[in-house]
Amino acid sequence: MEKYNFRIIEKKWQAFWEKEGLFAGKDNREKKYYVLEMLPYPSGRLHMGHVRNYTIGDVIARYKKSLGFNVLHPIGWDAFGLPAENAAIERNTHPAHWTRENIHAMRSQLQSLGFSYDWDREVSTCDEEYYLQEQRIFLDFLKHDLAYRKESTVNWDPLEQTVLANEQVVDGCGWRSGVPIEKKKLSQWFLKITDFAEDLLNGLDQLKEWPEKVVTMQRNWIGKSFGANIHFKTPDGSMTIPIFTTCPHTLFGASFLVIAAEHPVSQSLKNKPEIAAFIAECAHLGTSEKALETVEKKGIDTGIRVVSPFEPDREIPVYIANYVVADYGTGAVFGCPAHDARDFEFATLYNLPIHQVIEPLAHESMDLSKEAFLGDGHMIHSQFLNGLTIEEAKKKAIDQIESLSAGHRVTTYRLRDWGVSRQRYWGCPVPIIYCDACGTVPVPLGDLPIRLPEDISFDKPGNPLVHHSTWSKVDCPSCGAKARRETDTLDTFFESSWYFFRYCTPHYAKGPFDAKIADSWCPVDQYIGGVEHAVLHLLYARFFTRALKKCGYTTIEEPFKALMTQGMVCHETYKDAAGKWMFPEDVQKQGSNYIHALTKDPVTAGPSEKMSKSKKNVVDPEHIIQEYGADVARFFVMSDSPPEKDLDWSDAGVQGVWRYLNRFHQCVQNAVSHFTGPQPLDVSSRKTESTHRLIHKTIQWVTDDFERYHFNKAIARIRELSNALFALSPENPQEIGVLRFGLQTLTQLLAPIVPHVAEEIWQEIVQNPSKTILEAGWPKADPALLQEDTVVLGVQVNGKLRAELTIAKDAPQVSIEALVIELEGVQKYLEGATPKKIIVIQNRIVNVVI
RNA sequence: GCCCGCUUGGUGGAAUCGGUAGACACGACAGACUUAAAAUCUGUUGGCUUUACGGCCGUGCUGGUUCGAGUCCGGCAGCGGGCACCA
């Protein structure tokens with residue numbers, strides 16, 4: 001078989017589409033459709049995860065275009081960030097240079113995959129054009145009381161004199177220095193996302209086209225909870241420690257109080273050496289919640305004793321503990337070991353009493369010598385709460401606390417304000433000036449953008465902006481005195497929180513975007529990206545949209561109407577005889593064993609895992625495109641798994657796709673020479689009649705599957721139709737009409753997935769068409785041909801399949817019952833008896849119960 | 001640790017509403033073509049059992065609801081994602 005020349009075809013059509021401007025989104029037109037894939041970080045080269053993400057988006061974009069939508073499908077670069085600085089340090093290059101080279105390489109890779117991007121809208125967040133607008137947004141947030149400054153804790157590497165990301169903290173030590181980290185308080189910029197906590201929570205109900213799991217994760221992240229602030233006092237009443245709890249009903253089970261190391265009471269005891277040492281030890285834990293929660297529980301008795309408002313005579317100890325979150329609630333909680341797992345662990349460690357206050361319901365089991373009881377039940381050993389359910393007891397306990405003036409009910413959110421300050425060079429500078437006389441002064445709009453200096457060095461530890469000899473030295477815009485610039489830059493999530501608006505008017509200079517045009521395109525109709533962004537990026541973008549609305553930039557509230565979270569791309573892992581990871585391309589398969597391609601030594605294959613550089617189980621998209629072409633790569637990533645599930649990369653599967661596309665191409669080559677003049681559909685034979693029906697059914701199935709994004713199923717249907725069409729003979733005059741119609745339809749159904757070869761074949765079948773295949777529209781199924789007049793029913797006896805019955809569609813129940821008991825397969829089990837019951841489900845199944 | 005998912009043949013997956021488990025593909029095996037190989041084409045392919053017809057078992061494990069469970073409910077195990085400075 002002659003292979004089709006993808007090298008020529010793909011280049012040819014990519015050039016044609018670009019010349020014709022086929023994929024330019026046209027502003028202010030009806031029937032808009034905005035499809036967007038998550039903003040990529042320019043890490044250097046495209047990986048398979050990108051290929052999958054962008055192919056899904058492109059298939060949707062092309063499908064919608066063929067349905068006649070005015071599609072907006074832009075792309076850009078999340079170009080600020082930590083990896084550029086790491087590269088600068090490790091390879092002695094400049095972050096800007098490294099980033100721009102990466103963008104250049106990745107752009108040409110994207111182009112070689114034939115994605116239908118409107119390249120005129122490309123944006124890079126590190127471009128002055130972009131971050132100028134970002135500084136403007138920041139100043140507006142400041143004006144509208146959405147940005148403020150406060151102290152917060154960071155991971156500090158004492159050797160490198162740098163702030164570390166949680167990712168850079170390994171086992172409590174700096175990843176480069178290996179020195180135990182410390183917590184350090186810094187004054188930083190925050191955005192008031194908590195102002196919108198309730199609104200962000202309520203908005204989730206409108207997101208009907210988001211995966212339920214993402215909505216749930218966001219709901220839990222916002223973490224609205226009802227509870228109480230309760231004042232514990234020292235017996236002499238000289239000191240009060242307020243605590244927050246969502247379990248006020250277990251107050252009679254309290255046997256200790258735990259406070260965070262950062263709590264003012266803890267800090268006030270630093271003069272005691274053992275307490276100071278413990279606080280210092282807690283500081284090595286860093287700021288990540290995971291570290292706090294998984295650390296071995298540890299505490300130290302402060303010597304302070306307090307009493308609960310309900311039991312003024314029972315003193316309980318106050319401990320400083322390493323597992324208390326300082327920023328949540330009041331940084332202090334009471335411990336009820338009988339009914340909280342963490343408190344139980346702590347109490348067991350320090351021999352603190354365990355008071356049961358909930359009596360389990362009959363079916364629940366409890367063993368307080370082994371673990372806390374967390375189930376449902378009724379209150380006991382709790383004076384006025386005895387006998388109540390948990391819910392009743394919560395309410396009554398808080399009422400009582402309020403009447404004693406010992407606290408009050410509160411609604412809290414787990415959500416904290418968003419810290420956007422980063423002590424790094426490669427980010428958007430915060431447009432603020434500090435003046436000794438005037439304080440914090442916003443940079444006047446006319447002075448924007450605050451550009452990053454180019455002459456920087458990473459020789460010294462810390463932020464190069466701080467070390468720069470002149471950059472931060474400015475005159476105060478307000479009084480003219482000597483002042484200094486803010487040297488912090490913005491979190492890169494800031495850039496990705498509004499880029500989808502910028503795409504609407506990517507070169508707009510008067511503001512972040514033209515409100516009228518942006519509102520006509522937004523919200524994004526379909527957003528596609530990794531589930532790892534389920535909370536942070538997506539929540540920040542939802543917050544930003546509300547904040548921008550508050551500042552008058554938009555009328556939109558929810559940025560993303562529908563969301564799809566695609567799975568990861570995985571590959572088998574390989575290790576050589578020495579146990580070192582190996583690239584798949586260096587491994588050969590020999591029978592059922594694997595060997596080293598060069599040395600022929602045996603190789604052990606491990607489980608399929610997410611492709612990662614560290615395990616070397618990566619396949620470079622570039623190689624696939626070189627060897628098989630973009631269409632094959634696109635087809636494979638769409639065919640093997642549903643988009644939201646993980647995809648296993650398989651070289652054999654790729655070859656299978658290559659064979660299929662060649663068969664398809666060959667079939668068309670064999671047929672086109674017979675396409676002469678008008679060739680009416682001849683459906684007089686059984687074969688052509690059933691194939692004709694199959695064509696229409698396939699249109700229907702594929703359309704339904706595309707609408708639901710079940711691309712792998714759509715492709716299975718396409719394959720089935722292909723198998724039927726490849727079996728027809730172009731030499732047979734009776735079959736040629738159906739074959740021609742079938743191939744034409746097949747090409748249209750394939751066009752969103754394999755656009756290059758489809759466009760080429762379209763030319764050959766339609767012969768000098770005036771439109772591209774997408775402009776020719778999407779095929780429509782004839783409803784009359786979708787109906788079948790007979791159905792095959794499964795016949796069960798006691799739930800087990802024993803026979804089949806072919807019968808007219810919608811046949812009446814009585815006639816089915818009569819026919820079914822006569823069937824040989826049923827008679828065999830009936831043995832002359834009458835069935836107890838016959839259950840008939842129309843057009844599906846019959847169950848004979850005996 | 002907490003929150004959220006996932007688990008179906010040798011492999012990826014299909015089964016849309018509780019109704020015939022395994023569509024479609026990969027791999028494997030057999031055959032055709034070929035001096036031969038590659039490529040291509042045709043056929044078989046969940047497991048056990050039976051000469052055959054057939055029978056039994058089977059959707060991570062376990063218990064339940066139902067005429068009927070991959071699908072619903074309870075418990076358990078394994079794997080993955082997120083946990084606020086990676087993006």
Side-chain angles (χ1 to χ4, degrees), chain A residues 1 3 38-41 43 78 81-83 86 154-155 163-169 188 211-214 216-217 219-221 223 287-295 297 323 327 341-342 345 414-424 491-493 496 530-537 539-540 565 567-568 570 592 607-610 639-642 644-657 659-660 662-663 666 704-705 708 710 712-713 715-720 723 792-796 798-801 803-804 836-839 841 844-850:
Chain A
M1 192 194 340
K3 305 279 186 277
M38 284 181 185
L39 189 65
Y41 181 79
S43 52
D78 189 13
L82 203 47
N86 291 334
V154 295
N155 299 314
V163 176
L164 296 180
N166 282 335
E167 183 192 55
Q168 299 173 319
V169 178
Q188 309 205 71
E212 191 52 44
K213 61 172 174 178
V214 175
T216 310
M217 278 193 258
R219 188 170 286 127
N220 290 337
W221 187 263
T287 59
S288 98
E289 186 181 322
K290 185 186 170 189
L292 271 185
E293 295 258 354
T294 48
V295 70
K297 310 273 174 292
Y323 66 97
D327 301 333
R342 284 177 304 175
E345 195 184 328
R414 206 184 72 100
L415 183 69
R416 308 199 290 260
D417 274 338
W418 173 16
V420 292
S421 286
R422 296 293 179 270
Q423 294 69 38
R424 309 194 188 286
D491 179 5
T492 58
F493 274 127
S496 55
V531 72
E532 66 273 18
H533 295 292
V535 176
L536 292 184
H537 160 61
L539 193 64
Y540 290 151
T565 53
M568 300 176 301
C570 303
S592 55
S608 183
E609 294 181 52
K610 179 185 178 172
S639 68
D640 235 36
S641 280
E644 63 280 2
K645 288 196 32 172
D646 288 353
L647 169 76
D648 252 38
W649 187 265
S650 140
D651 287 325
V654 173
Q655 282 161 30
V657 172
R659 282 199 297 269
Y660 168 73
N662 276 302
R663 265 206 317 256
Q666 189 63 52
D704 288 348
D705 286 337
R708 288 175 213 162
H710 294 173
N712 58 326
K713 284 164 65 185
I715 287 172
R717 298 306 192 183
I718 286 172
R719 290 261 204 175
E720 272 175 305
N723 290 341
V792 182
L793 299 182
V795 180
Q796 296 178 331
N798 284 347
K800 287 198 180 222
L801 187 73
E804 282 186 346
K836 275 191 207 151
K837 200 160 47 161
I838 301 179
I839 294 155
I841 308 296
R844 277 179 187 264
I845 205 162
V846 184
N847 192 6
V848 181
V849 186
I850 48 179

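Only this structure's heavy atoms are used, side chains among them; waters, hydrogens and symmetry mates stay out. Fair warning: this is a prediction, and the values are worked out from it, not measured in the lab. We name chains A, B, ... by the order of the sequence lines, and we start the count at 1 in each one.
To the nearest whole angstrom, the two P atoms, one in B:rU51 and one in B:rG43, are 29 Å apart. With both ends at atom C1', the span from B:rU44 to B:rA38 equals 23 Å, rounded to whole Å. For the C1' atoms, the distance linking B:rG18 with B:rC72 amounts to 8 Å, nearest Å. Rounded to whole Å, the C1' atom of B:rG27 lies 23 Å from the corresponding atom of B:rC33. Nucleotides B:rG75 and B:rC26 are separated by 37 Å at their C1' atoms, to the nearest Å. When the C1' atom is used for both B:rA15 and B:rU49, the distance is 28 Å, rounded to whole Å. The separation of B:rC83 from B:rG74, taken at their C1' atoms, amounts to 28 Å, rounded to a whole angstrom. B:rG55 and B:rG5 are spaced 40 Å apart, taking the C1' atom of each and rounding to whole Å.
Closest approach of A:Y660 to A:I718, counting heavy atoms only: OH-CG2, 3.7 Å. Heavy-atom minimum distance, A:G794 versus A:L801: CA-CD1, 3.8 Å. Closest approach of A:N798 to A:N847, counting heavy atoms only: N-OD1, 3.4 Å. The heavy-atom pair separating A:M217 from A:V535 by the smallest distance is CB-CG2, 3.9 Å. Of all the heavy atoms in A:I850 and A:K836, the pair that sits closest is O-NZ, 4.1 Å.
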Practice prompt. Do nucleotides 81-87 of chain B as a string where each nucleotide becomes B, S or -: B if the base has a protein heavy atom under 4.0 Å, S if just the sugar-phosphate does, - if no protein is that close.
Written response: SSBBBBB
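In this structure, the CG atom of A:D651 is 16 Å from the P atom of B:rG12, given to the nearest Å. The separation between A:Y660 atom OH and B:rU40 atom P is 15 Å, rounded to whole Å. Going from atom CG of A:N662 over to atom C1' of B:rC41 covers 15 Å, rounded to whole Å. In this entry the distance linking NZ of A:K645 with C1' of B:rG70 reads 12 Å, nearest Å. Atom pair A:E644:CD and B:rA14:C1' shows a separation of 13 Å (rounding to whole Å applied). Straight-line distance from the CG atom of A:D648 to the C1' atom of B:rG27: 14 Å, rounded to whole Å. Between the NZ atom of A:K297 and the C1' atom of B:rG1 there is a distance of 6 Å, given to the nearest Å. Rounded to whole Å, atom C1' of B:rU66 lies 12 Å from atom CD1 of A:I841.
B:rG9: glycosidic angle within 90° of 0, hence syn. Taking the O4'-C1'-N9-C4 or O4'-C1'-N1-C2 dihedral as appropriate, B:rC17 has a value within 90° of 0 and is therefore syn.
Looking at A:D648 and A:D640, their side chains never come closer than 4.5 Å, going by heavy atoms from C-beta outward. Using a 4.5 Å heavy-atom cutoff, the side chains of A:E293 and A:R342 are in contact. Side-chain contact between A:H537 and A:L39 is absent, with no heavy-atom pair separated by less than 4.5 Å. Two residues are said to be in side-chain contact when any heavy atoms from C-beta on lie closer than 4.5 Å; A:Q168 and A:N86 meet this criterion.
Judged as a salt bridge (charged side-chain N to carboxylate O under 4.0 Å, His left out), and not counting sequence neighbours, A:R424 has no contacts. In this structure A:Y41 satisfies the ring pair (Phe, Tyr, Trp, His ring centres under 6.0 Å) test with no other residue, sequence neighbours excluded. For A:R844, there are no salt bridge (charged side-chain N to carboxylate O under 4.0 Å, His left out) partners two or more places apart in sequence or in a different chain. Residues passing the side-chain contact (heavy atoms from CB on, under 4.5 Å) test with A:E644 are A:P642, sequence neighbours excluded. Not counting sequence neighbours, the partners of A:Y540 by the ring pair (Phe, Tyr, Trp, His ring centres under 6.0 Å) test are A:W418, A:F493. The ring pair (Phe, Tyr, Trp, His ring centres under 6.0 Å) test applied to A:H710 returns no partner, not counting sequence neighbours. Contacts of A:A291 classified as side-chain contact (heavy atoms from CB on, under 4.5 Å), with partners at least two apart in sequence or in another chain: A:L285, A:S288.
A:T287 places no side-chain N or O within donor-acceptor distance of the main-chain N or O of A:N155, the cut-off being under 3.5 Å.
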Pick out the pairs of N or O atoms, protein on one side and nucleotides 20-24 of chain B on the other, that lie under 3.5 Å.
unit_1	atom_1	unit_2	atom_2	d
B:rU20	O2	A:E804	OE2	3.1
B:rU20	O4	A:V792	O	2.4
B:rA23	O2'	A:E720	OE2	3.4

Between the protein and nucleotides 42-47 of chain B, list every N/O to N/O distance that falls short of 3.5 Å.
none

Just the atom pairs and distances: protein N or O near nucleotides 74-79 of chain B's N or O, under 3.5 Å.
none

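Where pairing requires Watson-Crick or G-U contacts shorter than 3.5 Å, the helical stems of RNA chain B with at least three consecutive pairs are B:1-7 with B:77-83, B:10-12 with B:24-26, B:27-32 with B:40-45, B:46-49 with B:54-57, B:60-64 with B:72-76.
Contacts of A:R342 with the nucleic acid, taken as non-hydrogen atoms under 4.0 Å apart, are absent. Residue-level contact check: A:D704 touches neither bases nor backbone, having no heavy atom under 4.0 Å from any strand. Among the atoms of the strands shown, none is found under 4.0 Å from any heavy atom of A:A534. Counting any heavy atom pair closer than 4.0 Å across all strands shown, A:S641 reaches sugar-phosphate atoms only and no base atom.
A salt bridge links A:R717 with A:E720: at least one charged nitrogen is closer than 4.0 Å to a carboxylate oxygen.
Donor-acceptor pairing under 3.5 Å, judged by distance alone, is absent between the side chain of A:N220 and the base of B:rC3.
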